[in-house]
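Encoded as structure tokens, the structure appears first; notes follow it.
We're numbering straight along the sequence, starting at 1.
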Amino acid sequence: MDGNGRWAKAHGMPRFEGHRRGVEAVRRTVTAAREIGLEAITLYSFSSENWSRPEAEVMELMGLLKRFIRSDLRDLHANNVRVRIIGEGHPGDSEVQELLYETQALTRANTGLCLTVAFNYGSRNEIARAARSLAAKVAAGELRPEDVTADSLAAELDTAGLPPLDLVIRTSGEQRLSNFLLWQAAYAELVFLPVLWPDFDRGWLERALTEYGRRERRFGGIEPRGY
């Protein structure tokens with residue numbers, strides 16, 4: 001979800017207003033995904049690299065996250081949305097940690113759209129943590145080295161249990177993954193859209209899905225495989 005700051009600059013507004021409008025785009029997108037019938041959607045809300053931003057902006061982003069959870073959690077639950085958090089959580093703010101825990105606990109049994117929020121998340125770190133977990137099991141004699149496979153590593157990732165990643169959408173025209181779901185995106189389709197995130201809506205989501213529907217997915221083989 002890229003382009004909040006550029007959107008604010010283009011409209012002569014402070015960066016915080018761009019982030020606030022970005023939250024509105026999140027609401028529109030989650031509603032659209034649910035109405036369209038998507039099984040799961042993952043939002044990259046805050047990367048592990050974002051801590052390097054100015055402290056005031058980080059505090060504003062944390063405030064927005066808290067307000068979003070407090071104001072939207074009841075609606076998400078009422079609409080049968082299951083919320084899942086991936087990443088390492090907040091290293092110091094217990095209030096954020098408690099809200100994230102509450103969100104997952106309340107919606108855990110829901111059976112509709114799975115909304116995964118990547119918070120304090122970095123894919124390289126995720127893979128390293130998964131590798132350490134497997135290494136610890138080998139050292140403890142719980143796992144043989146030859147049993148360390150792609151499947152066993154995937155089972156240690158934050159996304160274990162989620163459906164395979166089919167489509168990655170990045171807004172604002174940037175064309176890179178920026179440390180997002182690197183392992184999971186191995187055979188995902190990538191769509192880069194020339195829209196700043198605060199302007200993202202159902203129309204742009206449907207445009208990305210239409211482009212996805214045109215792709216032939218071979219997964220390294222010769223014949224296309226079904227979606």
Quiz item: So, are R129 and E126 salt-bridged, with charged N and O less than 4.0 Å apart?
Solution: no

Practice problem: Provide the closest heavy-atom pair for P14 versus A8 in the form atom of the first, atom of the second, distance. | Solution: O-CB, 3.2 Å

Quiz item: So, does T149 use its side chain to make a donor-acceptor pair with the main chain of S152 at under 3.5 Å?
Solution: yes

Quiz item: Can you tell me how far the SG atom of C114 sits from the CD1 atom of I41, to the nearest 0.5 Å?
Solution: 10.5 Å

Quiz item: If you take all heavy atoms of A160 and A155, which pair is closest and at what distance?
Solution: CB-O, 3.4 Å

Practice problem: Indicate if V195 and V23 have the same hydrophobic cluster label, given that clusters are the connected sets of ILVMFWY residues with side-chain heavy-atom separations under 4.5 angstrom. | Solution: yes

Practice problem: Report the C-alpha separation of E60 and R53 in whole Å, then their side-chain angles, then the decisive distance to 0.1 Å, and conclude whether the salt bridge (charged side-chain N to carboxylate O under 4.0 Å, His left out) test is met. | Solution: CA-CA 11 Å; E60 289 172 348; R53 294 188 175 189; over 6 Å; no

Self-check item: Side chain T107, main chain V83, donor-acceptor under 3.5 Å
Solution: yes

Quiz item: Just checking, is any N or O donor in the side chain of E57 or H19 under 3.5 Å from an acceptor N or O on the other one?
Solution: yes

Quiz item: Please walk me through it: do L43 and T116 pass side-chain contact (heavy atoms from CB on, under 4.5 Å)?
Solution: CA-CA 6 Å; L43 302 178; T116 301; over 6 Å; no

Quiz item: Does any non-hydrogen side-chain atom of R27 lie less than 4.5 Å from one of D72?
Solution: yes

Self-check item: Transitive ILVMFWY side-chain link F46 to L196, under 4.5 Å
Solution: no

Practice problem: Applying side-chain hydrogen bond (donor to acceptor under 3.5 Å, both in side chains), run through N80 and T111 and close with a yes or a no. | Solution: CA-CA 6 Å; N80 199 29; T111 57; 2.9 Å; yes

Exercise. Look at R207 together with E211 and state whether they make a salt bridge at an N to O cut-off of under 4.0 Å.
Key: no

Quiz item: Would you say the side-chain atoms of D166 pair up with the backbone N or O of A188, donor to acceptor, closer than 3.5 Å?
Solution: no

Practice problem: Output, in order, the C-alpha distance, side-chain angles, deciding distance and verdict of side-chain hydrogen bond (donor to acceptor under 3.5 Å, both in side chains) for D199 and W204. | Solution: CA-CA 9 Å; D199 290 327; W204 283 104; over 6 Å; no

Exercise. Return yes if some donor-acceptor pair links the side-chain N/O of T171 with the main-chain N/O of M1 below 3.5 Å, else return no.
Key: no

Exercise. Rounded to the nearest 0.5 Å, what's the gap from CG on D147 to NZ on K137? Could you check?
Key: 11.5 Å

Quiz prompt | Nearest heavy atoms of L106 and H77, plus distance in Å | solution = O-CE1, 3.3 Å

Quiz prompt | N4 backbone acceptor or donor facing R21 side chain under 3.5 Å | solution = no

Quiz item: Of the non-hydrogen atoms in A130 and E156, which two are nearest, and what is the gap between them?
Solution: CB-CB, 3.7 Å

Exercise. Would you give the length of the straight line joining atom CG of L73 to atom CG of L99, rounded to the nearest 0.5 angstrom?
Key: 8.5 Å

Practice problem: Please examine the side chains of S172 and R6, heavy atoms only from C-beta on, and report whether any two atoms are closer than 4.5 Å. | Solution: yes

Self-check item: Step-by-step side-chain contact (heavy atoms from CB on, under 4.5 Å) determination, L76 to V30
Solution: CA-CA 9 Å; L76 291 170; V30 172; 4.0 Å; yes

Self-check item: Atom pair CD (E102) and CD (E98), whose distance is rounded to the nearest 0.5 Å
Solution: 9.0 Å

Quiz item: Shortest non-hydrogen contact from S52 to E49?
Solution: OG-O, 2.8 Å

Quiz item: Can you tell me how far CZ of F119 sits from CG of N50, rounded to the nearest 0.5 angstrom?
Solution: 9.5 Å

Exercise. Kindly check if the number of other-residue, nucleotide or ligand heavy atoms within 6.0 Å of CD (Q104) is above 12?
Key: yes

Quiz prompt | Residue of the set R217, R170, R214 for which salt bridge (Lys or Arg N to Asp or Glu O under 4.0 Å) holds with E189 | solution = R217

Quiz item: So which residues get pulled into L165's cluster when ILVMFWY side chains under 4.5 Å apart are joined, directly or through others?
Solution: Y44, I86, Y121, V168, L177, F180, L181, L182, L190, F192

Quiz item: Is the shortest side-chain N to carboxylate O distance from E35 to R202 below 4.0 Å?
Solution: yes

Practice problem: May I have the step-by-step check of side-chain contact (heavy atoms from CB on, under 4.5 Å) for R84 and V117, ending in yes or no? | Solution: CA-CA 6 Å; R84 178 167 172 173; V117 179; over 6 Å; no

Exercise. Answer yes or no: is there a side-chain heavy-atom contact under 4.5 Å between V26 and F200?
Key: no

Quiz item: Are I85 and V58 connected in the hydrophobic side-chain network, where two residues link if heavy atoms are under 4.5 Å apart?
Solution: yes

Quiz item: With a 4.5 Å heavy-atom cut-off, do L153 and V148 have their side chains touching?
Solution: no

Practice problem: Verify side-chain contact (heavy atoms from CB on, under 4.5 Å) between W197 and D2, making sure each step is shown before the conclusion. | Solution: CA-CA 5 Å; W197 176 249; D2 196 24; 5.8 Å; no

Quiz item: So if you build clusters from Ile, Leu, Val, Met, Phe, Trp, Tyr with side-chain heavy-atom gaps below 4.5 Å, do W51 and L64 land together?
Solution: yes

Exercise. To the nearest 0.5 angstrom, please state how far the CG atom of N125 sits from the CG atom of N179.
Key: 8.5 Å

Quiz prompt | Hydrophobic cluster identity match, I127 and L162, side-chain contacts under 4.5 Å | solution = no

Exercise. Work out which heavy atom in S48 is nearest to a heavy atom in G122; give both atom names and the distance.
Key: OG-CA, 3.6 Å

Quiz item: Taking atom CD of E142 as the centre, does the number of heavy atoms from other residues, nucleotides or ligands within less than 6.0 Å exceed 12?
Solution: yes

Quiz item: Among all residues two or more places apart in sequence or in another chain, which pass the side chain to side chain contact (heavy atoms under 4.5 Å, CB included) test with R34?
Solution: T31, N79, V81, L113

Quiz item: Crowded around M59 CE? As in, over 12 foreign heavy atoms under 6.0 Å?
Solution: no

